[in-house]
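First listed ligand is number 1; within each ligand, the first listed atom is number 1. Both backbone and side-chain heavy atoms feed into the values below; hydrogens, waters and symmetry mates do not. Note that the structure is a prediction, hence the values are computed from the model and not measured.
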Amino acid sequence: MSELGSESSGQSELTVDELTVRFGAHTAVDGVSLTVSAGSVLGLAGESGSGKSTIARAIVGMAPISSGSIRYDGAQLRTPDRRIQLVFQDPAAALDPRRSIGSSIAEGLRAKRTARRARVRELLELVHIDPARANLMPRAFSGGQLQRVCIARALAAEPAFLIADEITSALDVSVQGAVLNVLREIQRETGIGILFISHNLAVLRYLADSMAVLRAGKLVEQGETENLLGAPEHEYTKQLIDAVPGQE
Ligand SMILES: Nc1ncnc2c1ncn2[C@@H]1O[C@H](COP(=O)(O)OP(=O)(O)OP(=O)(O)O)[C@@H](O)[C@H]1O
Ligand SMILES: [Mg+2]
């Protein structure tokens, strides 16, 4: 774990400052400011189309920034930056089907060639996948296992921050828990900072220390998860909470 935690052990901060992203005449993200600190999980909620993925993409340089900035410890971020890794919704689409999972993980490694195999084993163990299966192709794994492979691949780059964009949304409910548990375990052990995007408030309650609610590209509310979900101030947040089936 020492290697993984090495860069996130300080008080690193990933800051989104007054970010605006426009696609033609449409403003997808409108003046959003967020801070993800090392060692904590910031949840980002909001209905479909509210701009969550666009923020994630802007952070890693995959969406055009119309105004505002992304900073890492105060300095303007230049993308791509190894220290920030993104995990996507669909693990099967994110992995090369003709490449063993071990090889996909090794791709992101910074370690020297001789240390690679050992490091791949270590990363697989970290996400609770039998390292003896490193040479198998993605098709030999379930969706939940593949998502854990994607997390291992992201960690191979020794990032200080992870952006997880709806990483359990495409998975069967029965395997979502294992993915979330692995993520929480890694976060606690390494002190990595996570921006966790989800429309699922129950998942955010489980994982996020604090959270922000986005509506039509604008931030409507931000605060400690328990407070925000327990005593929402904004009408839109209340609506989101009320929309969750089986919750009071
Ligand atoms: N490349 C693009 N070109 C044009 N419009 C885009 C592009 N990417 C996103 N948008 C628009 O920006 C808005 C925000 O989209 P975004 O994908 O960020 O929403 P989201 O909150 O992630 O939604 P979901 O919960 O469905 O994933 C939407 O209106 C979308 O159509
Ligand atoms: Mg999205």
Student: Out of Gly46, Gly51, Ser48, whose heavy atom is nearest to atom 26 (O) of ligand 1?
Tutor: Ser48
Student: Does atom 30 (C) of ligand 1 have a protein heavy-atom neighbour under 4.0 Å away?
Tutor: no
Student: Is there a donor-acceptor pair closer than 3.5 Å between any side-chain N or O of Ser37 and the backbone N or O of Glu13?
Tutor: no
Student: Can you tell me the protein heavy atom closest to atom 25 (O) of ligand 1 and the distance?
Tutor: Lys52 NZ, 2.7 Å
Student: First locate atom CD1 of Ile105, then atom CD of Glu107, and finally report the distance between them rounded to the nearest 0.5 Å.
Tutor: 10.5 Å
Student: Identify, for atom 17 (O) of ligand 1, the protein heavy atom at the shortest distance, and state residue, atom and that distance.
Tutor: Ser53 CB, 3.8 Å
Student: Counting only N and O atoms by type, is there a donor-acceptor contact under 3.5 Å from the side chain of Arg82 to the main-chain atoms of Ala157?
Tutor: yes
Student: Measure Arg57 to ligand 1 on non-hydrogen atoms and call it side chain, backbone, both or neither using the 4.0 Å cut-off.
Tutor: neither
Student: Determine yes or no for a side-chain-to-main-chain donor-acceptor pair under 3.5 angstrom, with Ser40 supplying the side chain and Gly193 the backbone.
Tutor: no
Student: Counting each atom of ligand 1 from 1 as listed, which ones have a heavy atom of Gly49 under 4.0 Å away?
Tutor: 13 (C), 14 (C), 19 (O), 20 (P), 21 (O), 23 (O), 24 (P), 26 (O), 28 (C)
Student: Could you identify the single nearest non-hydrogen protein atom to atom 9 (C) of ligand 1 and state the distance to 0.1 Å?
Tutor: Phe23 CE1, 3.5 Å
Student: Which atoms of ligand 1 have any heavy atom of Glu47 under 4.0 Å away?
Tutor: 21 (O)
Student: Apply side chain to side chain contact (heavy atoms under 4.5 Å, CB included) to residues Arg119 and Arg116 and explain how you reach the verdict.
Tutor: CA-CA 5 Å; Arg119 189 72 183 116; Arg116 290 185 155 233; 5.6 Å; no
Student: Does Ser50 have a non-hydrogen atom less than 4.0 Å from ligand 1?
Tutor: yes
Student: Do Ser174 and Asp172 pair up side chain to side chain, a donor and an acceptor below 3.5 Å, judged on atom types alone?
Tutor: yes
Student: Would you say Thr54 reaches the Mg ion (ligand 2) with an N/O/S atom under 2.8 Å?
Tutor: no
Student: Output the distance between atom OG1 (Thr27) and atom NZ (Lys218), rounded to the nearest 0.5 Å.
Tutor: 8.0 Å
Student: Please check this pair: side chain of Gln147 against backbone of Ile167, looking for a donor-acceptor N/O pair closer than 3.5 Å.
Tutor: yes
Student: Any donor and acceptor pair, going by atom type alone, linking the side chain of Glu221 with main-chain N or O of His234 inside 3.5 Å?
Tutor: yes
Student: Need the ligand 1 atom indices (1-based, order shown) with element for anything under 4.0 Å from a heavy-atom of Thr54.
Tutor: 9 (C), 14 (C), 15 (O), 16 (P), 18 (O)
Student: Would Gln89 count as a contact of ligand 1 if the rule is a heavy atom under 4.0 Å away?
Tutor: no
Student: Could you tell me, atom by atom, which parts of ligand 1 come under 4.0 Å of a heavy atom of Ala28?
Tutor: 12 (O), 13 (C)
